[in-house]
Every structure is written in structure tokens, then in C-alpha cells.
There are 2 protein chains.
Amino acid sequence: MSVAKANDKRVQLVNTALQLFYQQGIHAIGINEILAKSGIAKKTLYNHFASKEALIQACVIERDKRFMQWFKARCSNTSSTAEFVEHLFNALHDWINNRETILEKFDGCFFVNTAAEYGDTGSEIYQLCLQHKLNIKQFFQQQLAINISDTKQVNSLTDLLVQLKEGVINCAYVMDDKEAALKAKQLALTFLKH
Amino acid sequence: MSVAKANDKRVQLVNTALQLFYQQGIHAIGINEILAKSGIAKKTLYNHFASKEALIQACVIERDKRFMQWFKARCSNTSSTAEFVEHLFNALHDWINNRETILEKFDGCFFVNTAAEYGDTGSEIYQLCLQHKLNIKQFFQQQLAINISDTKQVNSLTDLLVQLKEGVINCAYVMDDKEAALKAKQLALTFLKH
DNA sequence: GTTATGGTAGACAACTTTGTATACTTACGC
DNA sequence: GCGTAAGTATACAAAGTTGTCTACCATAAC
């Protein structure tokens with residue numbers, strides 16, 4: 001069997017699990033539901049993953065990969081800080097309003113949701129969630145540093161944007177404010193002018 | 001048996017459940033763990049609550065009550081917008097750094113965490129989580145309206161503070177940034193000056 | 001063609017979950 | 001003092017959980 005086909009089932013499992021975990025929560029979804037939906041046999045799952053925990057880890061890693069890829073595609077190659085801010089919040093707005101199928105139907109931040117269920121900061125799963133947030137922050141810093149030379153200014157602007165981004169996601173999710181990203185964009189742009 | 005004592009066990013159950021649910025997640029905690037920790041018999045629990053679901057609802061309501069009470073105590077009676085902003089983020093900072101025992105050891109926003117596990121927007125539990133966020137927002141608006149007459153300005157400042165507050169909680173929780181509240185305070189104060 | 005690999009199907013073990021039922025105990029109000 | 005109401009302790013039912021095991025099938029490599 002070719003390598004591509006050998007990984008076929010693994011990819012299908014992660015896809016299905018990610019979707020179900022994100023939409024309903026990890027503890028709420030049993031292995032059997034994932035198997036039923038994907039049409040894959042239980043033994044195949046345990047052939048690819050040592051445990052449910054290992055599958056969850058693979059899902060978190062995959063979500064980080066997809067999110068970063070999408071995010072970088074939407075927010076790279078901007079020629080000014082204002083343009084970066086525009087792209088950033090426009091991207092969030094599209095995600096929140098379900099115009100980005102690659103990210104699944106918007107259900108808040110998968111990493112926050114997952115950390116809430118596997119909150120022990122020592123766990124591997126929490127560490128992966130933390131790593132994603134650090135990846136996002138690092139990307140912000142890199143992009144801002146292109147058009148701003150003062151490191152201190154880059155860092156404080158990064159903090160602002162990170163906090164607004166997190167706030168937008170929470171507001172859109174629990175408060176059901178689907179315009180949150182546009183409000184944050186205006187605020188950030190106003191801030192930039194001063 | 002007196003009314004006070006009749007409610008005694010109910011209060012104990014909610015206290016214990018709230019603590020465990022908040023720290024470890026709702027699905028992760030079974031009824032039996034709550035009973036063991038509180039030292040209360042199973043029949044007593046089902047005497048006070050129709051189901052685990054009913055107990056969860058009582059916990060969300062109780063958390064909202066406590067949080068609003070604490071929040072109002074910390075952020076009321078301010079004589080300027082800047083003072084309100086100071087009090088707001090100082091309060092968050094104390095919570096995040098575990099100086100507010102009434103709120104339990106900081107583990108993010110209980111309502112966001114709970115919504116992540118009971119994400120169906122039609123569920124009673126989600127509605128209670130949403131209601132809490134609306135209560136917070138309404139309180140912000142009321143406080144800001146004391147010192148600002150322009151309604152539009154009140155609303156846009158409310159949006160800013162709500163988003164920053166949510167962002168601070170997320171950053172402090174998953175990103176483990178315990179200084180997030182102080183950063184947000186500086187940003188909000190800078191914003192006010194312009 | 002044979003063999004090794006990976007997949008399917010599904011029974012099953014061991015455990016955990018919520019919720020009910022039974023029998024006994026405590027304590028307050030009248 | 002007695003009866004009612006509430007609590008304790010614990011067994012148990014019913015369902016669901018993860019993970020293992022056996023038996024069989026398909027296919028690609030040699």
C-alpha cells in the first residue's frame with residue numbers, strides 16, 4: 001500500500017474528529033461517534049492512534065496548522081500597519097460569519113475551548129493550545145516589525161491586537177456579536193492615527 | 001426543619017460543584033465526585049435537583065450572581081471614566097492573580113468554558129452564559145453613562161472595554177499572560193486621552 | 001500465486017456515568 | 001412522645017465510555 005493511501009484513514013479520522021470536537025466539545029464526543037461518522041473501523045483508529053488522547057493531540061496540531069495557514073494567507077504581504085489591521089479584522093469577520101469553510105462553522109476558539117476541558121497546565125494538550133497562541137502572537141510581531149522600526153512600539157501594538165483579537169472571538173462566540181470584528185477594526189484604526 | 005437549614009445542603013452542593021466544574025470542566029466532573037467532596041448523599045442531591053443539568057444551571061446562575069456582586073463592588077462609585085477604567089482592570093488583575101478568593105482560583109471565564117462544552121445556542125445553559133455577558137455589558141454602559149452624556153460615545157467605549165476585558169481573560173488564561181490586565185489598562189487609558 | 005499489510009465488522013471486557021430504589025437514621029414541630 | 005420531613009448509606013439498573021481481541025477481507029509487492 002502506498003504511503004499516501006496509508007495516511008488516508010488517518011487524515012479522515014482527524015478531519016471528522018476535529019469537526020465534531022470543535023462543534024460539540026471533546027468530552028461530549030465519544031470515539032464511536034467519530035467512527036460512525038467517518039465510516040472507519042475501531043481497530044483502524046487504534047492502529048493510527050494509541051488512544052483518544054493521541055487523537056485529540058493530532059486534532060489540536062492540525063487545527064493550529066490550518067488556522068495559521070489561513071491566517072497567514074489573509075494577513076501577509078501588507079504594505080502598512082493600517083493595512084495589516086484591516087486584513088486581520090476582515091479575516092476574523094469572515095471567519096465569524098462563516099465565510100471560511102476551511103475553519104468549520106464558527107464556534108469560538110478551538111484552543112480556548114479545549115484548554116477549558118483539559119485545563120491542567122501540565123498536560124500536553126494544554127501546551128499545544130498555548131503554543132498556538134504564541135504562534136499567533138509571533139506572527140503579529142513579525143508583520144508589524146516590517147513597517148515599524150521601534151521594537152517597543154511593535155510589542156505594545158502586538159499586545160493591543162492580540163487582546164482585541166481574543167476579545168473579538170469571545171464576544172462573537174458567547175455574546176453572539178457577529179459585528180465584533182468590525183468594531184475592533186475601527187477601534188484599532190482610530191488608535192493607530194494617534 | 002428551618003428554611004435556612006433546608007437550603008443548607010443545596011448551597012453546599014452548588015458551592016462544591018461550582019468549584020469542581022470551574023477548575024476541571026463540567027463533563028470531566030461526575031456527580032459522584034461532587035458528592036464525595038461535599039460529603040452529601042446522592043439522594044439528597046436528587047432531592048434538590050432534577051438532574052445534573054439542573055445542578056449545572058444553578059451553578060451558572062450562582063457564578064453570575066457572585067461575579068456581578070464582586071464586580072459591582074469593585075467598579076461602582078467612580079467619579080470619572082478614567083477612574084472606572086482603572087478600577088475595572090485592577091479588579092481583573094487581582095482576579096487573574098488569585099487575590100479574589102470569592103472567584104476561586106483563576107481558570108478563565110466560567111461562562112465561556114461552559115458555553116464551549118454546552119455550545120448548542122438553543123440550550124438553557126448557553127442562554128444563561130449569554131445572559132451573564134449581557135449583564136456585564138449593561139453594567140459597563142450604566143457606569144460610563146454617569147460621566148459621559150453622548151450615548152454614541154458611551155456605546156463605542158462600552159464595546160472597547162468589553163472586548164478588552166474578554167481579551168484580557170483569554171490572554172491570561174490560555175496565553176498565561178498574568179500582566180494582561182495591566183497592559184489593557186494602559187491601552188484603554190491612552191485611548192481615553194485622545 | 002503467495003504473503004504481508006492494513007482495513008472491516010463486531011463481540012467483549014472493564015470501567016464510569018446518571019439516576020432510582022431500599023432500608024435505616026436523625027431531628028424538628030406539634 | 002410521635003410523626004413527618006430530610007438526610008445517610010449503599011446497592012443496583014441501564015446506558016455509555018475506552019480500548020482489546022478475534023475472524024475475515026482486499027490489495028499491493030514480491
Side-chain angles (χ1 to χ4, degrees), chain A residues 1-60 113-114 116-120 123-125, chain B residues 1-60 113-114 116-120 123-125:
Chain A
M1 194 170 274
S2 69
V3 176
K5 229 181 166 190
N7 280 333
D8 216 41
K9 299 287 168 181
R10 190 184 196 278
V11 170
Q12 277 180 62
L13 281 167
V14 171
N15 280 348
T16 309
L18 193 45
Q19 194 183 347
L20 291 174
F21 285 158
Y22 181 40
Q23 270 160 28
Q24 300 189 236
I26 295 176
H27 279 115
I29 292 295
I31 290 291
N32 295 322
E33 267 177 279
I34 297 165
L35 298 175
K37 176 146 192 183
S38 63
I40 290 173
K42 190 175 275 193
K43 212 189 170 190
T44 305
L45 187 153
Y46 284 99
N47 195 15
H48 286 287
F49 301 98
S51 61
K52 186 188 181 183
E53 180 106 356
L55 174 61
I56 298 166
Q57 288 179 21
C59 286
V60 176
N113 296 354
T114 300
E117 289 199 69
Y118 288 83
D120 177 23
S123 75
E124 179 70 23
I125 288 175
Chain B
M1 193 172 275
S2 69
V3 177
K5 233 184 162 187
N7 281 333
D8 216 41
K9 298 288 169 180
R10 191 184 196 279
V11 170
Q12 277 180 59
L13 281 167
V14 170
N15 280 347
T16 309
L18 193 43
Q19 195 184 348
L20 292 173
F21 285 159
Y22 181 40
Q23 269 161 26
Q24 299 188 239
I26 294 176
H27 279 116
I29 292 295
I31 290 291
N32 294 323
E33 266 177 279
I34 297 165
L35 297 175
K37 177 147 192 184
S38 63
I40 289 172
K42 189 174 275 193
K43 212 190 170 190
T44 304
L45 187 153
Y46 283 100
N47 196 15
H48 286 287
F49 300 98
S51 62
K52 185 187 182 184
E53 181 106 356
L55 174 61
I56 299 166
Q57 288 179 20
C59 286
V60 175
N113 296 353
T114 300
E117 289 198 69
Y118 287 83
D120 176 23
S123 74
E124 179 70 23
I125 288 175

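Below, chains carry the letters A, B, ... as their sequence lines are ordered, and counting in each starts from 1.
As a whole-Å value, the separation of B/His27 NE2 from D/dT17 P is 10 Å. One atom, CG of B/Asn47, and another, C1' of D/dT4, lie 14 Å apart when rounded to the nearest Å. Summarising the geometry, the separation between CG on A/Leu45 and P on D/dT18 is reported as 10 Å, rounded to the nearest angstrom. A straight line from CD of A/Gln12 to P of C/dG6 spans 16 Å, rounded to a whole angstrom. Rounding to whole angstrom units, CD1 of residue A/Ile31 and P of D/dT20 are separated by 11 Å. B/Asp8 places its CG atom 12 Å from the C1' atom of D/dA6, with the value rounded to the nearest Å. Atom C1' of nucleotide C/dG19 and atom CZ of B/Phe49 are separated by 15 Å, given to the nearest angstrom. Following rounding to the nearest Å, A/Ile34 (CD1) and D/dT17 (P) show an atom-to-atom distance of 11 Å.
Contact check, A/Thr44 against C/dT8: a side-chain N or O comes under 4.0 Å of OP1 or OP2. Of the side-chain N and O atoms in A/His48, none sit less than 4.0 angstrom from OP1 or OP2 of C/dG6. The side chain of B/Lys43 places no N or O atom within less than 4.0 Å of a non-bridging phosphate oxygen (OP1 or OP2) of D/dT8. Close to C/dA11, at under 4.0 Å from its OP1 or OP2, lies no side-chain N or O of A/Lys42.
Candidate nucleotides D/dG19, C/dT8, C/dG6 were compared by shortest atom distance to the side chain of A/Ala41, and C/dT8 ranks first. Residue B/Lys9 has its side chain nearest to D/dG7 when only C/dT8, C/dT20, D/dG7 are considered.
Using bins of under 30°, 30° to 60° and over 60° for the plane-to-plane angle, the ring pair A/His27/B/His27 lands in the tilted bin.
Looking at A/Lys52, its side chain has no donor and acceptor atom pair within 3.5 Å of the base of D/dG19.
Side chains of A/Tyr118 and A/Glu124 form no contact here, defined as non-hydrogen atoms less than 4.5 Å apart.
Of all heavy-atom pairs between B/Lys9 and B/Ile40, the closest is O-CD1, 3.8 Å.
Base engagement by A/Asn32 is indicated by at least one non-hydrogen atom pair under 4.0 Å involving a base atom.
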Quick one: do A/Phe49 and A/Val14 satisfy side chain to side chain contact (heavy atoms under 4.5 Å, CB included)? Show the steps, please. CA-CA 10 Å; A/Phe49 301 98; A/Val14 171; 3.8 Å; yes

Side chain to side chain contact (heavy atoms under 4.5 Å, CB included) between B/Asn47 and B/Lys43, worked out: CA-CA 6 Å; B/Asn47 196 15; B/Lys43 212 190 170 190; 5.9 Å; no

